[in-house]
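Remarks on the structure that follows.
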Amino acid sequence: MEFHLTTDIFVQQLINALIVGSFYALIALGYSMVYGIIKLLNFAHGDLFMVGAFIGYTVLAKLTGTGESLLGIGLAFLIAMVVTGFLGMGIERIAYRPLLKAPRLSILITAVGMSLVLENTIMAAYGAKPYIMPVTLPTTGFTLLGAKITYAQIGIIAVSAFLMIALQLFVHRTIYGKAMRAIAIDQTASSLVGINVTKVISLTFFVGSFLAAAAGMMNASYYGSLTFTMGFIFGMKAFTAAVIGGIGNIRGAMLGGLMLGVLETVGTYQFGGEWKDVFAFFILIALLVVKPTGILGQKVTERM
């Protein structure tokens, strides 16, 4: 099979890869943050991506009435992210916190159950049909090396980069970020030196859900549609991205998401869209065989 890639196609595919990779990275950050602190694979996290998109849709369709106003879109983004963030905190408080001392299998099954609860709640509220996102993104742009790039694409990449940089600064420059890193190292010792562990864990769920909702809003706005099942496949791929980068590593989640976006875009261009999901998970299996800890992950010996 021949591989023809001109300059204009390369630039266009690179932009597509960065956009898709940004969505994966923003969701993967939630997986890595939660796993890094309480060693939980929160399989309901992908559905928070979906819930954020539906909350944004509701705000645009019912409250502002239009998706053409930048103020209305910005308001929908903010409300969707904040509400989804508090929803993530509520899920942690009700479903996960009582099971933190229970066997890992119990809390893992609870996470799968919570995923089903979120999906079926949205289906019951909105129905199973796809919805059209009432957002009109600008189609204007510029030409770079023969490729047409829209301002909407640049905006999505810029917002995603801003959120990831802001998270990095939050984790490494603020007192709450330092508390998160301390709990990730030793939860018991952190509580002994005065860190409110439950409060920091709740904050972690808020931040992860906040970022997932941002990805959901941008994804639904960019592709123009949303369904109650959209969180499943994006959640699984974001989890794949987190594992590729090194589960529990924030920089690894960012790197893994962008890498998966590039690899998936290249695979789709070369082999066709029907192989997109197969290609992504094949990369995961191959990496786990070669480096089970992921690209930036480190082998950790658990103390008994």
Side-chain angles (χ1 to χ4, degrees), residues 25-49 51 84-118 167-168 170-172 174-213 231 235-236 238-254 256-257 292-294 296-304:
L26 288 173
I27 308 171
L29 285 168
Y31 279 110
S32 282
M33 291 174 66
V34 171
Y35 183 83
I37 287 183
I38 61 174
K39 300 297 182 289
L40 165 65
L41 296 176
N42 182 19
F43 286 117
H45 188 67
D47 292 292
L48 290 171
F49 160 87
V51 170
T84 307
F86 281 112
L87 175 61
M89 290 178 66
I91 291 173
E92 181 273 331
R93 177 66 182 87
I94 297 172
Y96 299 149
R97 190 181 300 179
L99 297 175
L100 289 180
K101 303 296 184 180
R104 295 287 172 83
L105 184 60
S106 299
I107 195 168
L108 183 63
I109 293 173
T110 302
V112 175
M114 184 53 63
S115 172
L116 295 174
V117 168
L118 291 174
L167 175 65
Q168 186 72 10
F170 173 79
V171 170
H172 290 277
T174 68
I175 188 66
Y176 288 109
K178 292 177 182 179
M180 288 179 183
R181 288 184 285 132
I183 293 174
I185 296 172
D186 193 320
Q187 189 174 131
T188 302
S190 298
S191 63
L192 291 175
V193 296
I195 295 176
N196 190 329
V197 174
T198 57
K199 181 178 179 181
V200 174
I201 291 175
S202 292
L203 178 62
T204 303
F205 273 84
F206 177 88
V207 173
S209 304
F210 184 93
L211 295 175
M236 291 304 295
F239 173 69
T240 300
V243 174
I244 289 175
I247 189 74
N249 188 302
I250 291 180
R251 290 192 180 97
M254 299 178 191
T293 58
L296 298 182
Q298 297 178 353
K299 188 174 181 180
V300 177
T301 301
E302 186 171 351
R303 291 175 293 181
M304 301 300 292

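Please read all numbers here as calculations on a predicted model, not as lab measurements.
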So which heavy atom on [X] is nearest to which on [Y], and how close?
X    : Y    : result
A111 : L41  : CB-O, 3.8 Å
L48  : S209 : CD1-OG, 3.2 Å
A28  : A241 : CB-CB, 4.2 Å
S32  : A242 : OG-CB, 3.7 Å
I37  : Q187 : O-NE2, 3.9 Å
V34  : L40  : CG1-O, 3.7 Å

Is there a side chain to side chain contact (heavy atoms under 4.5 Å, CB included) between M180 and F170 once you walk through the steps? CA-CA 10 Å; M180 288 179 183; F170 173 79; 3.6 Å; yes
About how many Å separate [atom2] of [Y] and [atom1] of [X], when rounded to the nearest 0.5 Å?
X    : Y    : atom1 : atom2 : value
L167 : M254 : CG    : CE    : 5.0 Å
L29  : T204 : CG    : OG1   : 12.5 Å
Y176 : K199 : OH    : NZ    : 3.5 Å
T84  : L211 : OG1   : CG    : 11.0 Å
D47  : N42  : CG    : CG    : 9.5 Å

With sequence neighbours left out, write down each residue that passes side chain to side chain donor-acceptor pair (under 3.5 Å) with [X], or none if nothing qualifies.
X    : value
S202 : E92, R97
T174 : none
Y35  : none

Hey, does the side chain of [X] reach the backbone of [Y] with a donor-acceptor pair shorter than 3.5 angstrom?
X    : Y    : value
H45  : I27  : yes
S190 : A182 : yes
Y31  : G235 : yes

Check whether any side-chain heavy atom of L26 lies under 4.5 Å from a side-chain heavy atom of F49, and answer yes or no.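 With C-beta onward as the side chain, the pair stays apart.
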With R251 via salt bridge (Lys or Arg N to Asp or Glu O under 4.0 Å) - residues at least two apart: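 Partners of R251 under the salt bridge (Lys or Arg N to Asp or Glu O under 4.0 Å) test: none.
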Residues two or more places apart in sequence or in another chain: which of them pass side-chain contact (heavy atoms from CB on, under 4.5 Å) with L99?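 side-chain contact (heavy atoms from CB on, under 4.5 Å) check on L99 returns A102, I107, T110.
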Output, in order, the C-alpha distance, side-chain angles, deciding distance and verdict of side chain to side chain contact (heavy atoms under 4.5 Å, CB included) for I91 and L118. CA-CA 10 Å; I91 291 173; L118 291 174; 4.0 Å; yes
Pairs touching residues 85-104 that satisfy ring-ring contact (aromatic ring centres under 6.0 Å, His included), sequence neighbours left out: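 Passing the test, one end in residues 85-104: F86-F206, Y96-F205.
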If you draw a 6.0 Å radius around CZ in R181, do more than 12 non-hydrogen atoms from other residues or ligands fall strictly inside?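 Enclosed: over 12 neighbouring heavy atoms sit under 6.0 Å from CZ of R181.
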Where do T198 and R93 land on the side chain to side chain contact (heavy atoms under 4.5 Å, CB included) test, with the steps shown first? CA-CA 9 Å; T198 57; R93 177 66 182 87; over 6 Å; no
